[in-house]
Structure formats: C-alpha cells, structure tokens
**Student:** 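Quick one: this structure, given as structure tokens, is what I'll be asking you about.
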Protein chains: 2
Amino acid sequence: MKYTEAKEELIQAWGNLGYSWGLNKTMAQIHALLMISTKPLSTEEIMQELAISRGNANMNIRALLDWGIVSRISIPGERKEYFKSEKDVWSLARQVARERRKRELEPILKVLREVSEVSNDGSEETKELRKVVKELKGFAEKSDNLLETFIKAEESWFWNSIIKLLK
Amino acid sequence: MKYTEAKEELIQAWGNLGYSWGLNKTMAQIHALLMISTKPLSTEEIMQELAISRGNANMNIRALLDWGIVSRISIPGERKEYFKSEKDVWSLARQVARERRKRELEPILKVLREVSEVSNDGSEETKELRKVVKELKGFAEKSDNLLETFIKAEESWFWNSIIKLLK
DNA sequence: CGAAACTTTCAGGTTTTATTGAAACACAAT
DNA sequence: ATTGTGTTTCAATAAAACCTGAAAGTTTCG
C-alpha cells in the first residue's frame, strides 16, 4: 500500500471511529491529520488537505482544543497559528475519558440521584422504578470509579493490572 | 418527587445516555420505558406513552431486538405482541459492549491492519505514519481483549477484580 | 493611525437522520 | 373468500446536524 492511500484510509477510518467516540467526523479527521503529520499544521493547510471551508476548519479546531486533545503552537517569527495533536495514544484515551465522564456520566448520575428520591407510595410501579434506579445507580457509580482510576492511572501500572485480569 | 415526574425524568435522561452509547434517542426511550415497566408492553402502549407514531415505534423496537436487549413476548390467547427488556444492568452492558465491539472496534482494527502494511519508502511521513498506526493498533488490540474479557466475564468475578484495582 | 495578516462569527444553505401516516401485508377466525 | 386484528414497509416530510463564505473582529507592525 502506498503512503497517500494509507493516509486517506486512516483519516477516513479515524473519522468514523471518532464519531463513535462522541466527536464529529470532521473533528476526528482533523485530528487524524494532525496525528500523522510530522509537523504542526496551520488552518490553511488543514483546510486544503481535507477540502473544507475556513469556518468549518476553525470551528472544529476549536472543538478539539476544547476537548484538550489538540494544542496551539506559535512558531517564532510567524503570525499564523499552528496546531499539533497530543500523539500519545494513552493520554489521548485518558483525555477523551475525562471529557466523556464530565459530559455524559455525570449528568446521568445527577438524574439518578434525584430520581432515586421518588416517594415510595407502595405501588408496584414505584417499587419497580426504585429498584431499577438503584441498580442503575450502582452500575453508574462503579463505572465512574473505574473511569476515574483509568484517568489517573499510569499507563504501565494500568495495563499490567489489566493484563493480569486477562489471564 | 412524584412517580410520574421521576418516570419522565428517567426516560429523558436515559434517552440522552443511550444516545451516547450509540443507540438513538427514541430507541433509548423505549428501552427506558420497558426497564421500569412492571409488565411487557405492546406497540400500542409504547406509542401512547412516548407519543410517537406506529412506524417509528415499530422500527425502533426492531432495532432494539436487533441489538438483543429487548425481546418479544406473546401472551397466550392474545394476538398482540408484547415486548420486555432485559433488566439486568450487567447483561445489558455486556450486550451493548458486544455490539459496539462488532460495529466499531472491529472495522477500525481491520483498517489499522491493512494500513500498517504501508510500504516503508524511508520518508519522514511514512515513518511517522507507521509509528502512529503501530501504536493505535496496539491500543485497539488491548481494548479489544479487555472488551472480550468483559463480555465473557461473570459479574462477580469481574467486579471483584476491578475493585481490587481501585484500591 | 492605517493597512495587512490572520481569526472568529453567523445567517443561510446543504446533507443527513429521524418521523409520520397511509398503504400493503400477514394471518386467524368465520 | 371475507373480515377483523395486528404488523411491516416506505415515500414524503420534518427536524437536526453540519458546512460555507463573506463580513466583522482582532492583532501586529510600519
């Protein structure tokens, strides 16, 4: 397989994967581009590589900065801004985990905590609701803890423990 | 908090969470409804509770059946079909993990394996691409193993190991 | 200050995805 | 074969998400 082909396939595939990680397609493609680039890229270059508009590029770069997986670089003597991606897969995963925990898990936990205070009027329905909510809450809390550990963990330590699990 | 209110909040929140798990909103809401229902529900009842059309209900119920987290029930002597959800949170999570692994992780792994055969022409770009792909592949494979273990694991065994990790 | 270089915003347009509702289909009972 | 009951399909429509490009904003420098 030739370089250009490989690059395009990777950007494409990364776009899809990113999508299922909660990014959007363009965001993920910009990210892929930065991942495999040997040097920081300017907005201009990104627009050109992916054939997207300035506005689109700008908004998605901002979103990536927001997620904390891309950073701004200035090159001395140049006005333009350049961008580079965090390239370490492990920190990347941690960062994504951190954001998703904040954006998704925390809100549902909040609701579950509220809802778990439904007054027990003794009816079947209420009993079932309370039971389900309690289980969901337990599960969500365990996941939250696990995520937190993951986020704080050192790579080697984490994978070593996991590998033990897998045996 | 009163029952009706709690129920609505839960359905709402579950809708959002489901969305970030790869289901769509309606699908997740139907699921929430079945989770807290004390008995199987018919299409009719679901339509009514969520104020959605017959077609919509039908399609999303089918999608839930497809994901394997809802099942069809027939009640003897009745023509109508009823549906109930798998209520155990743990099997639910396993089932979702199984599907997402199939739908998301496997495709990217396939691409990474292909792309990792990019011919090494000695250029900077190619070198970087190969490096990144190698790392991603390693990560994806580890995740794949972890997921597989999760899918096959017994609840108690899994959480016990995890809890050890957390300490 | 004023112009050049660059970035950000946002109203409007496009594409994608989800929903409706009516028609077609399936099947059992008469 | 017809009717009653329920399910599935799908073209049309609506809603949501996304992208564009030009205009407005910002910063730097002579």
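Labels below follow one simple rule: chain letters A, B, ... track the order of the sequence lines, proteins then strands, and each chain is numbered from 1. Keep in mind that the numbers below use all heavy atoms, side chains included, and drop hydrogens, waters and symmetry copies.
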**Student:** Is it true that A/E49 and A/K7 have a side-chain N and a carboxylate O under 4.0 angstrom from each other?
**Tutor:**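 Here A/E49 pairs with A/K7 in a salt bridge, since their nearest N and O are under 4.0 Å apart.
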**Student:** Quickly work out the A/E44 CD to C/dT8 P distance and round it to whole Å.
**Tutor:**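 Atom-to-atom, A/E44 to C/dT8, this comes out as 13 Å.
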**Student:** Please check if the number of heavy atoms outside B/E106 that lie under 6.0 Å from its CD is greater than 12.
**Tutor:**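 Yes, enclosed.
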**Student:** With a 4.0 Å heavy-atom cut-off, tell me which residues in residues 14-42 of chain A come close to DNA chain C, sorted by residue number.
**Tutor:**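 Contacting residues: none.
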**Student:** Strictly by modelled atom types, are B/Q29 and B/T26 linked by a side-chain donor-acceptor pair under 3.5 Å?
**Tutor:**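 There is no such pair (donor and acceptor under 3.5 Å, judged by atom type) between the side chains of B/Q29 and B/T26.
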**Student:** Less than 4.0 Å between a side-chain N and a carboxylate O, is that true for A/E148 and A/R101?
**Tutor:**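 Between A/E148 and A/R101 there is a salt bridge, with a charged N closer than 4.0 Å to a carboxylate O.
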**Student:** Taking atom types as modelled and ignoring hydrogens, do the side chains of B/S20 and A/E104 form a donor-acceptor contact shorter than 3.5 angstrom?
**Tutor:**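 Side-chain D/A pair, B/S20 to A/E104: present.
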**Student:** Distance check needed: C/dT7 P versus A/I52 CD1, whole Å only.
**Tutor:**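 Those two atoms, CD1 and P, are 14 Å apart.
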**Student:** What parts of residues 54-84 of chain B reach DNA chain C, counting only heavy atoms under 4.0 Å away?
**Tutor:**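 Residues of residues 54-84 of chain B under 4.0 Å from DNA chain C: B/G55, B/N56, B/N60, B/R79.
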**Student:** Atom CH2 of B/W157 and atom CG of B/N160: how far apart are they, to the nearest 0.5 Å?
**Tutor:**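 Taking CH2 in B/W157 and CG in B/N160, the distance rounds to 10.0 Å.
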**Student:** Could you check how far CE of B/M47 sits from C1' of C/dA22, rounded to whole Å?
**Tutor:**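 So the CE-C1' distance, B/M47 to C/dA22, works out to 13 Å.
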**Student:** For A/I46 and C/dC6, what is the distance between atoms CD1 and C1' respectively, to the nearest whole Å?
**Tutor:**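 Whole-Å distance recorded here is 14 Å.
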**Student:** With sequence neighbours excluded, give me every salt bridge (charged side-chain N to carboxylate O under 4.0 Å, His left out) pair touching residues 132-143 of chain A.
**Tutor:**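 Qualifying pairs, neighbours excluded: A/R113-A/E141.
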**Student:** Does a salt bridge link A/K87 with B/E128, judged by any charged N lying under 4.0 Å from a carboxylate O?
**Tutor:**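 Judged by the 4.0 Å cut-off on N to carboxylate O distance, A/K87 and B/E128 do form a salt bridge.
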